[in-house]
Colleague: 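Have a look at this one.
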Amino acid sequence: MNQDLCQEVSTETIELSLEDWLKQQAITTDYQLRYVLAHAEDGVVWGHFEVESGILETSKQAFPEYDFPTLRLSTLQQCRIFGEAGEVLLWNINGKWRSRLILQSQVSELLEQEKIGLIPESQILWGTQGKANGNFTLLSDGSQGLKYAAPITGITFSQDKQKQYRPLRLEVHHYFYYDQDGVARIFLSRLVSLTKEKIYES
């Protein structure tokens, strides 16, 4: 089923410039993927592509006063470029970089043919307060002091310190199929978008 949904992406030029490779995958004539979420040896890196200019901005660039990790190939473990139109996943296996692409157009076709099913999930992310800068919001959570910068703005936070609320969501799609025994199995998941829940306070 993976073969029906995924396309292999070449990583031949990734050693020359990680940022150029990411840009090449994110912005094409067929689709534009705005968000980057990378897991590295020294932490998590969020990124945002300006589709019109092609500029990639990371959480470290948005808030240089904080010790956020740098997006670089030498410490990278896994990276996802994603948006409503699809997702590119980059990962390293046995010292070799691999990558695959999922397009929403292909997903929609398989859903219509009832070859696969979809389970949407809205994951709650940390952050009960924040301040925006450009395309990013610096989020912190309660008294724990946990800080990170996510590529989203316009988030409404609760002003009531007794009713802390986390409005940021990471939208994830899980794809499943029924095997020969009629058992539903999730075979693939992808990131879709960042969203924010509106706060309604009395």
Side-chain angles (χ1 to χ4, degrees), residues 1-15 18 21-41 43-49 51 56 59 71 73 75-127 148 150-152 155 166-198:
M1 192 57 66
N2 282 24
Q3 292 82 355
D4 295 334
L5 200 57
C6 300
Q7 304 172 36
E8 188 173 353
V9 177
S10 172
T11 58
E12 284 185 11
T13 62
I14 201 168
E15 301 284 349
L18 173 61
W21 185 89
L22 293 173
K23 177 182 174 181
Q24 185 181 11
Q25 311 315 315
I27 304 169
T28 77
T29 55
D30 296 321
Y31 56 86
Q32 290 81 41
L33 308 177
R34 290 186 178 272
Y35 303 108
V36 176
L37 178 57
H39 292 83
E41 294 172 3
V44 174
V45 181
W46 280 100
H48 178 273
F49 272 106
V51 174
L56 171 62
S59 43
L71 182 62
L73 199 63
T75 58
L76 188 65
Q77 297 174 332
Q78 177 181 287
C79 182
R80 293 176 187 264
I81 318 164
F82 65 97
E84 297 286 348
E87 180 197 66
V88 175
L89 171 62
L90 172 70
W91 73 98
N92 193 298
I93 181 166
N94 298 324
K96 183 178 180 181
W97 290 104
R98 299 279 308 275
S99 183
R100 60 103 171 114
L101 166 68
I102 298 173
L103 287 176
Q104 183 58 38
S105 56
Q106 182 66 17
V107 170
S108 299
E109 187 176 317
L110 292 173
L111 286 170
E112 189 175 329
Q113 296 170 359
E114 298 184 349
K115 290 184 177 180
I116 63 172
L118 167 66
I119 302 172
E121 180 187 9
S122 188
Q123 296 182 355
I124 300 172
L125 299 186
W126 289 93
Y148 70 99
I152 187 171
I155 306 172
R166 299 181 178 98
L168 188 57
R169 304 287 185 269
L170 179 61
E171 304 300 331
V172 183
H173 282 180
H174 305 286
Y175 305 115
F176 68 89
Y177 73 100
Y178 291 97
D179 66 14
Q180 59 186 9
D181 298 319
V183 178
R185 300 185 184 279
I186 293 176
F187 67 95
L188 201 64
S189 300
R190 85 166 181 95
L191 306 185
V192 179
S193 65
L194 280 171
T195 61
K196 54 217 173 189
E197 291 288 315
K198 192 169 183 178

Colleague: Could you report the tightest heavy-atom contact between His174 and Ser189, atom names first, then the distance?
Modeller: ND1-OG, 2.5 Å
Colleague: Taking all non-hydrogen atoms of both residues into account, name the closest pair between Ile186 and Ile119 and its distance.
Modeller: CD1-CD1, 4.1 Å
Colleague: Does CD in Glu114 sit with more than 12 non-hydrogen atoms of other residues, nucleotides or ligands closer than 6.0 Å?
Modeller: no
Colleague: Heavy-atom distance under 4.5 Å between the side chains of Phe49 and Leu33, does that happen here?
Modeller: no
Colleague: Check whether any side-chain heavy atom of Tyr148 lies under 4.5 Å from a side-chain heavy atom of Val44, and answer yes or no.
Modeller: no
Colleague: Are the side chains of Arg169 and Glu197 in touch, meaning some heavy atoms are under 4.5 Å apart?
Modeller: yes
Colleague: Is there side-chain contact between Val192 and Val172, with heavy atoms separated by less than 4.5 Å?
Modeller: no
Colleague: Is there a side-chain contact between Asp30 and Leu103 in this structure, where contact means two heavy atoms from C-beta onward sitting under 4.5 Å apart?
Modeller: no
Colleague: Quick one: list whatever passes ring-ring contact (aromatic ring centres under 6.0 Å, His included) with Tyr31, sequence neighbours left out.
Modeller: none
Colleague: Hey, could you give me the CD1/CD distance between Ile116 and Gln106, rounded to the nearest 0.5 Å?
Modeller: 8.5 Å
Colleague: How long is the gap from CG on Leu191 to NE2 on His173, to the nearest 0.5 Å?
Modeller: 10.5 Å
Colleague: Can you establish whether the number of heavy atoms outside Glu12 located under 6.0 Å from its atom CD is more than 12?
Modeller: no
Colleague: Could you grab the distance from atom CG of Leu89 to atom CD1 of Ile81, nearest 0.5 Å is fine?
Modeller: 9.5 Å
Colleague: Answer whether the closest heavy-atom distance between the side chains of Phe82 and Val88 falls below 4.5 Å.
Modeller: no
Colleague: What verdict does the side-chain contact (heavy atoms from CB on, under 4.5 Å) test give for Ile102 and Val107, after you've listed the backbone C-alpha separation in whole Å, the side-chain angles of each residue and the deciding distance to 0.1 Å?
Modeller: CA-CA 8 Å; Ile102 298 173; Val107 170; 3.8 Å; yes
Colleague: Closest heavy-atom contact between Cys79 and Val36?
Modeller: SG-CG1, 3.7 Å
Colleague: Could you walk me through whether Glu15 and Trp97 satisfy the side-chain contact (heavy atoms from CB on, under 4.5 Å) test, starting with their C-alpha distance in whole Å, then the side-chain angles of each, then the deciding distance to 0.1 Å, before giving a yes or no?
Modeller: CA-CA 9 Å; Glu15 301 284 349; Trp97 290 104; 3.8 Å; yes
Colleague: Taking all non-hydrogen atoms of both residues, which atom of Ala150 and which atom of Trp46 are closest, and how far apart?
Modeller: CA-CG, 4.2 Å
Colleague: What pairs of residues pass the salt bridge (Lys or Arg N to Asp or Glu O under 4.0 Å) test when at least one of them lies in residues 89-113, not counting sequence neighbours?
Modeller: Glu87-Arg100
Colleague: Please report the closest heavy-atom contact between Leu76 and His39, naming both atoms and the distance.
Modeller: CD1-O, 3.8 Å
Colleague: Where does the angle between the aromatic ring planes of Tyr175 and Phe187 fall among parallel (under 30°), tilted (30 to 60°) and perpendicular (over 60°)?
Modeller: tilted
Colleague: Taking atom CG of Leu5 and atom CG of Leu110, what is their separation to the nearest 0.5 Å?
Modeller: 6.0 Å
Colleague: Can you measure from CG (Leu18) to NZ (Lys23) and round to the nearest 0.5 angstrom?
Modeller: 13.5 Å
Colleague: Measure the spacing between CH2 of Trp126 and CZ of Arg166 and express it to the nearest 0.5 Å.
Modeller: 5.0 Å
Colleague: In the structure I gave you, are the side-chain heavy atoms of Glu84 and Glu171 within less than 4.5 Å of one another anywhere?
Modeller: no
Colleague: Can you tell me if Asp181 uses its side chain to pair, donor with acceptor, with the backbone of Val183 under 3.5 Å?
Modeller: no
Colleague: If I compare all heavy atoms of Ser10 with all of Trp21, which pair ends up nearest, and what's the gap?
Modeller: O-NE1, 3.0 Å
